[in-house]
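Computed from a prediction, not measured in an experiment: that's the story for all the values here. Letters A, B, ... are given to chains in the order of the sequence lines, protein chains preceding strands, and every chain is numbered from 1.
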Amino acid sequence: MSEPAAAVSTAPPVARTALAFPGPRRIVDGWELTARHATGDLVLADLGPLVKLTVRGPAEGAVRAALGTGFGRTARHDEGALAGALVVGAGPGEWLVLGPAGTGGELLAATRAVVADSGEFASVVDVTHGRALVRLTGAAAPALLAKVCAIDLADRVVPDGSAFRSSVARVVTDVVRDDIRDELDDPAGDGTARTRSYLLHCERSSGQYLADALVDAGTEYGIEVGAPPSAR
Amino acid sequence: MMLLPCPNCGARNVSEFRYVGEAKTRPDPTTATPQEWRRHLYLHRNPAGWTRETWYHGSGCRRYFAIERNTVDNAVRTAGATS
Amino acid sequence: MSRKEHDDGAGRSRRRPRYSAWSLVRHGLGVGRDWERAFRHHTPRESYDVVIVGGGVHGLATAHYLAVNHGITNVAVLEKSYIGSGGSGRNTAILRSNYLTPEGVRFYDRSVKLYEHLAADLNFNVMFSQRGHMTLAHNDSSLRTMHWRAEVNKLQGVDSSVIDPPEIKKLVPYLDVSPSTRYPILGALYHPPGGIIRHDAVVWGYARSADAHGVHIHQKTEVVGIDVVANRVTGVRTADGRRISAPVVVNCTAGWSTLISDMAGVAMPVQTFPLQAAVTEPVRPFLDTVVVSGTLHTYVSQTDRGELVFGASVDPFASYSTRGSLDFVEGLAGHVLELMPALSKMRLLRQWAGLCDMTPDYSPIMGLTPVEGFYVDVGWGTYGFKAGPVSGEAMAACIANGKPPEIIAAFGLDRFDEGRLVGEKGAAAVGH
Amino acid sequence: MTRRTVGTGDCRLGSRPGEVIDRSRTLEFRWNGAVHRAHPGDTIASALAAAGVRVFSRSYKYHRPRGLLTADILDPGCLLQVGDEPNVRGAHRLAEAGMDVRSQNTWPSLRYDVKAVNQVAGRFLATGFYYKTFIKPERLWPAYERVLRRFVHAGEVPPDGEQLYYDKRYAHPDVLVAGGGPAGMAAAVAAARAGATVMLVEQEHQLGGHLRWGDADDLRVRAELVAAVEAEPGIEVLTDSVVAARYDDNWLAVVQRGLPHVAERLVKARAGTLVVAAGLIERPYVFAGNDLPGVMLSTAVRRLLNLYSVRPGQRAVVVTANPEGDAAATDLRAAGVDVVEVDARHGRTVVRAAGRGGVEAVELSDGSRLDADLLVTATGWTAPTSLLNMSGSNPVYRPDAARFVPDPAATPDTVIAVGGIAGDGTLEELVAHAEAAGREAAARALSLAAAHARIRPTSPGGADAAERAPEPVAPLGLRRHPELFFATPIGGFVDMSEDVSAKDILTAVQEGYDSSELVKRYTTATMGPAQGKLETVNTVALVAHATGSTIAETGATTWRPMYTPVTLGALAGRRFEPVRHSPMQPWHEAHRAAPLVAGQWIRPEHYGDPAAEVRNVRAGVGIIDVTPIGKLDLQGPDVPKLLNLLYVNKWSQLGVGRVRYGVMCADDGVVLDDGVTGRLGEHHYLMSTTSSGAGTVWEWAENWLQTEHPDWRVHITPVTTAFASINVAGPRSRELLARLTDVDLANEAFGYMNVRTGTIAGVADCVLWRIGFTGELSYELHVPASYGLHVWESLMAAGADLGVAPFGVEAQRILRLEKGHLIVGQDTDGLTKAYSAGLAWAVKLDKPDFVGKPELQWQSEHDDHPRLVGLQPLDPTVVPEEASQIISDGGHIVGRITSSRMSPTLGRSICLGQVDAHLADAGTRLTVRLRDGRDTLVEVMAEHAHFDPEGERQRV
Ligand SMILES: Cc1cc2nc3c(=O)[nH]c(=O)nc-3n(C[C@H](O)[C@H](O)[C@H](O)COP(=O)(O)OP(=O)(O)OC[C@H]3O[C@@H](n4cnc5c(N)ncnc54)[C@H](O)[C@@H]3O)c2cc1C
Ligand SMILES: NC(=O)c1ccc[n+]([C@@H]2O[C@H](COP(=O)([O-])OP(=O)(O)OC[C@H]3O[C@@H](n4cnc5c(N)ncnc54)[C@H](O)[C@@H]3O)[C@@H](O)[C@H]2O)c1
Ligand SMILES: Cc1cc2nc3c(=O)[nH]c(=O)nc-3n(C[C@H](O)[C@H](O)[C@H](O)COP(=O)(O)O)c2cc1C
Ligand SMILES: [Zn+2]
């Protein structure tokens with residue numbers, strides 16, 4: 001048996017998301033991202049670095065209870081084992097757990113623990129690197145999506161906090177309606193003002209294509225691409 | 001475009017689904033004669049009217065499910081319905 | 001092959017005034033009588049020697065060849081609607097013989113040969129336009145299949161070869177052959193004898209000839225039952241309440257063939273799928289070749305009237321509905337413009353659909369069945385119009401002799417029980 | 001060419017109350033080379049008509065001069081070439097500055113058309129002409145055909161036409177109203193007030209329908225209705241837009257024009273309820289000379305007069321059977337035209353229009369003859385029921401009203417007809433009916449929405465509307481109308497676009513083509529651009545007349561999309577053609593990899609010299625991007641059951657850390673896919689599939705799990721692109737990899753057909769498989785995809801001194817062929833079962849069940865199936881092309897070459913091929929027919945592998 005050869009020194013690993021927008025880039029926490037900051041009314045942001053886990057288990061039962069939501073709806077965990085995570089009911093007995101970038105290890109462990117505690121047959125797969133994730137924010141977002149997605153985005157069909165999977169520009173995509181609270185423009189002053197915002201999550205290798213299709217569809221609404229408005 | 005009522009996702013455009021075919025029972029492979037097996041493989045009822053069939057919701061929940069469809073006018077009802 | 005003017009007590013034939021430029025002039029000048037009826041109305045007889053179900057090209061050609069080649073004229077063709085109302089009246093009329101298997105090539109080549117002389121044989125111009133047929137390859141596996149077909153074709157004496165993008169461009173200048181397209185054109189299988197035909201004329205030509213030889217064509221006559229006694233066909237029942245007895249019943253109903261076979265108790269490896277087609281408004285002729293792209297599920301030709309006729313692959317699910325879909329025309333337009341970007345301002349005029357009886361191996365089912373006297377000529381899927389003449393000829397021989405002739409030996413119903421499928425599937429997916 | 005400028009013309013009247021032109025501005029365009037003026041709002045036709053132009057085109061067969069008939073989008077005489085756009089509806093398309101408008105297919109000019117000799121030959125060009133001539137001699141037919149093609153009557157598409165931007169969007173109105181006349185507007189307003197979201201689509205440039213060209217009262221009602229529409233925020237109005245088709249479940253195709261920067265937009269609307277408010281179309285009358293320029297419909301005349309302020313003639317005969325005709329006479333008189341009114345309600349009609357190049361005189365049924373340059377007919381209506389019938393039901397004929405009406409019994413609950421298409425009444429009655437229908441449409445749509453909400457998981461809960469059964473809307477009555485279709489003696493044209501005469505119809509029937517459908521196909525009547533909206537009823541009436549049956553018995557032909565023809569550009573829209581890239585794509589592009597399109601994937605085919613890439617792998621080390629290889633993460637205690645079912649080989653014994661090659665067959669025994677599966681943990685496996693089979697195998701496995709074995713505890717997650725996959729191949733691959741990983745690569749620690757996980761180039765959670773498609777010592781690395789490029793670059797950097805080089809798909813194909821590895825789909829085809837593919841060693845018939853077993857059992861007992869064999873040409877320099885056929889002495893096909901290459905390693909040509917069973921023994925010599933027609937001999941080898949058949953090199 002031979003000794004493992006001494007590893008040659010290589011550059012520190014740089015992670016890249018599925019998307020590359022033209023223009024300068026910079027490295028943030030080991031991820032190479034666009035250096036642009038979008039300020040327009042309609043923004044497409046690359047959330048590739050977010051932690052993404054898929055959980056599978058019985059549609060009803062302990063796993064579901066711990067994850068806090070079921071198919072078609074989302075739950076944001078502000079406390080508890082999954083604190084900081086947005087759980088999306090992505091399918092019957094299928095969840096997508098999204099967490100802040102860099103929390104991969106902890107969130108995976110916490111989610112595994114939740115699953116293990118359930119006593120049900122359930123599994124967790126880390127798909128952080130296997131998926132593309134973007135956030136589309138702005139009042140024109142539904143009009144843009146109406147050009148690429150056949151699902152009715154009216155409030156009565158897809159309200160805030162709901163999610164569905166369908167074809168977007170012919171790519172199978174999880175669409176999550178997750179409106180953003182307007183800090184600055186809140187006429188009622190009671191924190192109820194919201195800006196339309198959607199997360200779009202698809203298989204990684206089609207991510208660039210999907211983003212290009214969204215940008216093309218959004219040109220008439222003045223879409224801009226850039227770094228995420230917030231780290232959520 | 002037809003709407004297909006997915007039991008999980010609700011009514012969706014039929015283009016989100018893949019048609020799998022007439023619902024068939026696979027004969028016991030250990031006892032079926034070659035002829036029986038091939039009839040299972042190749043023959044279809046192909047009725048003009050109601051038929052029970054399998055669809056796959058590939059662009060949605062990714063579940064296989066059975067549905068009844070009238071092949072003459074493409075009316076759809078959930079499997080087991082009688083009207 | 002004996003051709004006799006037949007006039008016995010059974011089928012009554014008559015001499016039919018022939019069509020020619022001269023007859024046209026005479027009628028134009030008002031000289032002579034009115035035009036003769038091309039097909040007549042008859043009261044159905046109580047019995048016929050042969051009852052053919054289905055008044056498409058297959059049923060009518062079978063009737064024609066039964067009369068002309070075998071002198072069997074006490075024959076009825078029962079058609080539930082009008083003649084040619086099935087696939088024969090709604091197909092994209094592409095003829096070719098560049099198939100993949102030797103048995104396929106031989107069979108379709110015979111059909112093309114028959115088509116080449118059909119106008120003269122029927123005294124009816126069917127406008128067979130042998131303008132060349134081109135199947136594009138957009139990736140190396142389809143290019144390999146093109147070569148495979150070309151090599152098999154050459155060995156069967158069929159004119160077929162693989163050509164490169166510059167040659168393609170020369171034949172069809174509107175094609176975008178640049179390498180930077182999403183589906184670059186790498187080559188094409190080119191088949192000069194292929195082309196298009198005036199499909200309705202083929203139906204009418206056969207019907208007129210069969211009628212002239214004494215065959216009865218009953219339109220608006222739907223078969224609703226088949227009588228089988230002791231595993232032997234004895235006759236059919238029609239929707240208007242008639243019983244017509246016959247020792248031989250032939251199923252030529254393509255998309256509906258399962259329903260007819262069910263009436264005789266014969267299970268079929270057939271599934272019915274709609275196939276859609278569309279035409280544009282006419283423009284000045286610019287496309288001389290039939291262009292097919294299997295990868296893009298599209299084919300296109302331009303008729304002598306100037307319209308583009310488009311087709312695609314069958315609908316994604318089985319159905320007897322001929323409504324058609326928006327998906328189809330959207331996909332079609334996208335793919336046509338991918339191939340020929342200059343056509344974006346042409347307008348789609350009409351879309352429709354027909355029914356296709358698909359078999360597991362994309363090959364027909366012809367000949368005898370377990371029920372004596374019940375013959376099938378079905379499984380024509382998306383490709384059966386071109387097979388009309390040879391099928392009629394072979395089915396007529398099969399009925400006259402009680403056994404299938406060599407040319408259709410590979411297409412028997414029993415091949416499925418025996419696991420001897422024909423290897424046509426690879427090439428036929430969008431081949432027309 | 002001399003340029004004449006033509007003013008906006010002698011025929012332009014003074015300003016009128018309903019006109020849609022903006023007289024304050026003029027613009028210029030060209031008509032057959034001459035410069036013409038128009039006002040904004042003018043159609044091309046109205047601008048030309050204002051200038052006194054009467055002839056717009058020549059007819060299809062006989063090249064007869066044709067003028068305006070309907071003066072709207074349906075006008076058969078006014079299809080024009082505008083720039084590179086053919087068949088533009090000149091009576092609908094607005095004139096624009098700089099337009100280059102030409103009449104179509106006239107040579108040398110519109111006025112003197114040489115092909116007009118066809119008019120003389122006309123009596124011989126009658127129906128069926130083509131079928132009865134040019135039959136013999138056969139060899140002349142191609143030449144005849146070329147001549148026929150020259151006569152095609154249509155516009156042109158140049159090969160280099162300008163490319164425009166077309167767009168698409170989806171919409172989900174509760175109620176979609178097709179038609180913005182009074183009925184449509186009233187229905188839209190009522191539906192919106194009942195809480196529905198409404199899309200109101202009008203084909204014309206303005207809302208208002210026939211009210212636009214009506215009297216003062218009509219204009220007032222129009223203004224009120226338009227104001228009501230505009231006041232409803234829930235109504236989205238689309239003008240110059242058409243509901244082109246209705247499909248299953250109210251899937252509606254709407255083509256929207258007049259948007260900035262977008263040529264056309266296809267709106268795909270899923271409406272709860274469709275309200276069809278398409279109005280009525282005025283039906284032409286069939287009589288001798290009815291196609292002469294100057295013969296017009298009453299609505300055409302009123303459009304020209306009242307919308308465009310154009311006087312259509314000086315001396316008019318108005319043949320009228322209804323109030324609209326009377327109104328046209330009134331309008332004409334008001335414009336200073338001499339009018340003789342002929343009341344067709346009392347049996348007097350026109351039998352002939354006479355003139356050369358235009359109407360000069362009119363003969364009436366009582367034998368009188370009147371001089372006139374304009375003949376106006378108002379003889380009845382056609383309901384454009386196409387949107388109601390597109391799903392196959394046919395309208396029914398009502399002799400009292402002399403038109404086909406929709407069959408309410410055949411109309412689905414989700415479709416409601418209003419306005420003229422549904423029946424007759426006063427304007428107030430029509431509006432009231434439409435309002436009731438609009439409310440009902442809203443109620444039905446909201447009920448349907450509630451039903452959908454009930455079964456939709458995203459619904460917030462608490463359905464927002466109750467479900468209710470549809471309630472019928474009280475029908476409109478029908479006004480009596482005389483049945484006026486054709487004059488006797490029968491003459492004239494039934495279908496102007498197709499140049500089909502009434503006599504053609506009669507002849508067709510006489511010849512045995514005696515149903516509507518056969519007449520249509522034999523004569524081509526109704527097959528032109530209007531698709532029967534102008535022609536069907538007259539055609540059917542003539543067929544009925546000729547067969548001695550009634551119009552109701554005869555029946556109409558089938559309506560089908562499109563309502564109005566739609567451009568291919570609009571239908572295509574923006575094309576969504578997903579492409580997929582690996583994380584290393586930027587590197588490949590920077591290193592000038594030749595792209596290979598493989599399904600959705602774009603892959604490097606090679607980097608310049610595939611043979612050198614092969615040699616580098618055999619001698620040193622190469623790396624290839626194999627990311628598209630399908631990867632499925634399998635978890636659960638029952639994974640081995642699934643593997644045993646899907647693969648023909650056995651899986652129960654696979655230990656943790658081991659991988660195995662497996663073959664999948666379909667239930668008919670045909671090879672479906674192959675790949676390697678490794679066991680990563682107790683209940684954790686990673687399965688790989690072919691690149692093209694990735695999606696299929698995943699769905700296949702799910703199908704078995706979900707439908708046959710729902711009790712098995714297995715979760716499948718597709719992870720194809722969660723990993724960037726890199727194969728490091730070659731004798732020095734271990735040396736290279738060792739520099740980057742913490743995994744012990746020693747043969748004893750990590751042997752052939754094993755799997756390990758570890759860190760590579762600082763990247764954790766990588767999966768390493770020791771397998772060898774290339775036949776060399778090699779490692780397949782599956783790296784978390786975000787780090788794919790980093791690891792790839794690290795390998796290139798770390799291996800520089802070892803001569804590491806990338807290789808592409810082509811080199812891999814050569815390497816695998818040298819090793820005799822088959823490619824599913826290339827070396828196998830749609831009928832190749834496992835034994836034919838030489839995979840007997842993998843098939844384990846002693847397993848109780850696996851997919852494909854019965855057929856493979858059968859195949860194992862029968863020896864007559866073809867075999868995949870290794871083949872080598874006797875002449876090592878000859879590479880028989882792939883797909884070359886292997887032939888017997890008699891020229892029969894006995895096999896074919898499935899793969900072939902020149903082997904850089906062996907310096908000779910090598911192949912795989914399928915051959916008939918009796919020719920598969922090693923040493924058999926076979927003849928291959930090469931593409932150029934020459935033959936060459938090849939010999940059957942004992943093994944598939946041409947190189948290192950013992951597999952020594954991959955085990956070191
Ligand atoms: C859109 C389209 C495009 C196509 N393109 C091509 C092509 O380019 N080239 C090609 O070769 N093939 C093509 N095909 C296939 C081809 O049209 C058919 O295979 C062929 O027309 C079959 O002819 P047939 O005579 O067997 O059947 P059909 O023409 O379908 O005739 C069957 C007849 O049976 C009648 N019938 C059914 N049931 C009964 C009953 N119970 N009683 C009485 N009568 C009954 C039907 O009314 C029908 O008229 C195409 C098909 C479609 C739909
Ligand atoms: N149509 C006439 O010329 C006319 C003239 C006088 C009186 N009338 C009477 O008025 C009543 C008709 O009122 P109405 O509101 O039903 O019809 P209308 O003719 O006033 O309006 C129908 C409108 O629908 C539009 N349209 C038709 N198909 C369309 C489609 N597929 N997509 C988009 N737009 C489409 C037309 O362009 C037209 O503007 C009838 O009773 C009729 O007798 C009609
Ligand atoms: C080769 C071919 C060309 C056609 N060309 C036209 C055409 O120019 N105009 C037209 O209206 N229909 C055309 N059709 C379509 C027919 O009108 C009709 O839709 C088709 O035969 C199906 O019949 P159905 O619509 O009555 O069901 C064509 C059909 C075929 C098969
Ligand atoms: Zn679903």
field: Point-to-point distance, once rounded to the nearest 0.5 Å, from CG of D:Leu518 to CG of C:Asp200
entry: 8.0 Å
message: Quick one, C:His335 with D:Glu577, criterion side-chain contact (heavy atoms from CB on, under 4.5 Å). Give me CA distance, side-chain angles, the key distance, then yes/no.
response: CA-CA 10 Å; C:His335 290 149; D:Glu577 293 285 356; 3.7 Å; yes
- request: Heavy atoms only, distances under 4.5 angstrom: which of C:Gly419, C:Ser81, C:Pro341 has the most pairs with chain D? Name it, please.
  value: C:Pro341
task: Against chain D, label C:Ser129 side chain, backbone, both or neither, depending on which of its atoms sit under 4.5 Å from a heavy atom there.
output: both
- prompt: For D:Arg813, what residues pass the salt bridge (charged side-chain N to carboxylate O under 4.0 Å, His left out) criterion, not counting sequence neighbours?
  reply: C:Asp140, D:Glu605, D:Glu810
task: Kindly give the heavy-atom pair with the smallest separation between D:Ile887 and C:Leu155, and that separation in Å.
output: CG2-CD1, 3.7 Å
query: Heavy-atom distance under 4.5 Å to chain C: side chain of D:Glu85, backbone, both or neither?
result: both
query: Should D:Arg89 and C:Glu281 count as an ion pair when the cut-off is N to O under 4.0 Å?
result: yes
task: Among the options C:Pro179, C:Ser344, C:Gly334, pick out the one with the most heavy-atom pairs lying under 4.5 Å from chain D.
output: C:Ser344
message: For the backbone of D:Lys132 and the side chain of C:Asn125, can you confirm whether one donor and one acceptor N or O come within less than 3.5 Å of each other?
response: no
task: Name the region of D:Leu266, side chain, backbone, both or neither, that has any atom closer than 4.5 Å to a heavy atom of chain C.
output: side chain
- request: Over all heavy atoms of both residues, which pair between C:Tyr19 and D:Glu511 is shortest? Give the atoms and the distance, please.
  value: OH-OE1, 3.7 Å
Between C:Gln351 and D:Arg560: side-chain donor-acceptor atoms closer than 3.5 Å: no
query: Is it the side chain or the backbone of D:Thr524 that comes within 4.5 Å of chain C heavy atoms, both, or neither?
result: side chain
field: Stepwise side-chain contact (heavy atoms from CB on, under 4.5 Å) check, C:Tyr174 with D:Val157
entry: CA-CA 10 Å; C:Tyr174 279 64; D:Val157 280; 4.2 Å; yes
task: Could you pull out all residues at least two apart from C:Arg131 that satisfy salt bridge (charged side-chain N to carboxylate O under 4.0 Å, His left out)?
output: C:Asp304, D:Glu145
- request: Taking all non-hydrogen atoms of both residues into account, name the closest pair between C:Leu337 and D:Ala572 and its distance.
  value: CD1-CB, 3.7 Å
- line: Only residue of D:Thr564, D:Asn87, D:Leu571, D:Leu568 satisfying side chain to side chain contact (heavy atoms under 4.5 Å, CB included) with C:Arg347 is D:Asn87
- prompt: Which one of C:Val329, C:Val162, C:Leu122 has the most heavy-atom pairs closer than 4.5 Å to chain D?
  reply: C:Val329
field: Residue, of C:Ser85, C:Ala119, C:Pro285, C:Pro173, that accumulates the most heavy atom pairs under 4.5 Å with chain D
entry: C:Pro285
message: If I measure from the heavy atoms of chain C, does D:Gln104 come under 4.5 Å with its side chain, its backbone, both, or neither?
response: neither
message: Less than 4.5 Å to any heavy atom of chain C: does that hold for the side chain of D:Gln826, its backbone, both, or neither?
response: both
message: Are D:Glu156 and C:Phe286 packed together at the side-chain level, in the sense that at least one heavy-atom pair is separated by less than 4.5 angstrom?
response: no
field: Distance (rounded to the nearest 0.5 Å) between D:Tyr247 OH and C:Arg323 CZ
entry: 12.5 Å
task: Measure across C:Pro102 and D:Ile893 and return the closest heavy-atom pair with its distance rounded to 0.1 Å.
output: CG-CD1, 3.8 Å
Residue, of D:Gly161, D:Pro561, D:Gly830, that accumulates the most heavy atom pairs under 4.5 Å with chain C: D:Pro561
- request: Identify which part of D:Asp84 has an atom lying under 4.5 Å from any heavy atom of chain C, answering side chain, backbone, both or neither.
  value: both
message: In terms of relative ring orientation, are D:Tyr513 and C:Phe39 parallel, tilted or perpendicular, with 30° and 60° separating the classes?
response: perpendicular
field: Test of ring centre spacing under 6.0 Å for D:Trp141 and C:Phe128
entry: no
query: Relative to chain C, which segment of D:Arg575 carries a heavy atom at a distance below 4.5 Å: side chain, backbone, both, or neither?
result: side chain
- request: Kindly compute the distance separating CH2 (C:Trp148) from CD (D:Gln885), expressed to the nearest 0.5 Å.
  value: 7.5 Å
- line: Looking only at D:Thr507, D:Thr133, D:Asp668, D:Val509, the option with the highest number of non-hydrogen pairs under 4.5 Å against chain C is D:Thr133
message: For D:Lys168, is there an ion pair with C:Glu330 - N to carboxylate O distance below 4.0 angstrom?
response: yes
task: Side chain from CB out, backbone as N, CA, C, O: work out which of these in D:Tyr522 comes under 4.5 Å of a heavy atom of chain C, or both, or neither.
output: both
message: Rounded to the nearest 0.5 Å, what separates atom CD in D:Gln510 from atom CD in C:Glu36?
response: 10.0 Å
Taking every non-hydrogen atom, the tightest pair across C:Arg144 and D:Thr898: CD-O, 4.1 Å
statement: Between D:Thr567 and C:Lys345, the two heavy atoms sitting closest are CG2-O, 4.1 Å
query: How long is the gap from CD on C:Glu418 to CH2 on D:Trp858, to the nearest 0.5 Å?
result: 8.0 Å
message: Checking side-chain polar atoms at under 3.5 Å, does D:Glu882 have a donor or acceptor matched by the opposite partner on C:His147?
response: no
Stepwise side-chain contact (heavy atoms from CB on, under 4.5 Å) test for C:Arg198 and D:Tyr130: CA-CA 10 Å; C:Arg198 181 73 185 94; D:Tyr130 300 108; over 6 Å; no
- line: Highest number of heavy-atom pairs under 4.5 Å with chain D among C:Val279, C:Thr280, C:Leu326 belongs to C:Leu326
- line: Bottom line for D:Arg931: the part with an atom under 4.5 Å from chain C's heavy atoms is both
task: Can you tell which part of D:Pro159 gets under 4.5 Å to a heavy atom of chain C, answering side chain, backbone, both or neither?
output: both
- prompt: Do the side-chain N and O atoms of D:Gln531 and C:Arg350 include a donor-acceptor pair separated by under 3.5 angstrom?
  reply: yes
Heavy-atom pair count under 4.5 Å with chain C, highest-scoring of D:Arg521, D:Arg146, D:Met562, D:Arg574: D:Arg521
message: Out of D:Lys136, D:Gln81, D:Gln163, return the one with the most heavy atom pairs under 4.5 angstrom to chain C.
response: D:Gln163
- line: Bottom line for D:Pro595: the part with an atom under 4.5 Å from chain C's heavy atoms is neither
message: Test side-chain contact (heavy atoms from CB on, under 4.5 Å) on D:Met527 and C:Leu349; report intermediate values, then the result.
response: CA-CA 9 Å; D:Met527 292 178 79; C:Leu349 176 67; over 6 Å; no
- prompt: Are the side chain of C:Arg284 and the backbone of D:Arg149 linked by a donor-acceptor contact shorter than 3.5 Å?
  reply: no
field: D:Asp829 CG to C:Leu100 CG distance, which is reported to the nearest 0.5 Å
entry: 8.0 Å
query: Given that the side chain runs from C-beta out, which part of D:Ser884 has a heavy atom under 4.5 Å from chain C: side chain, backbone, both or neither?
result: backbone
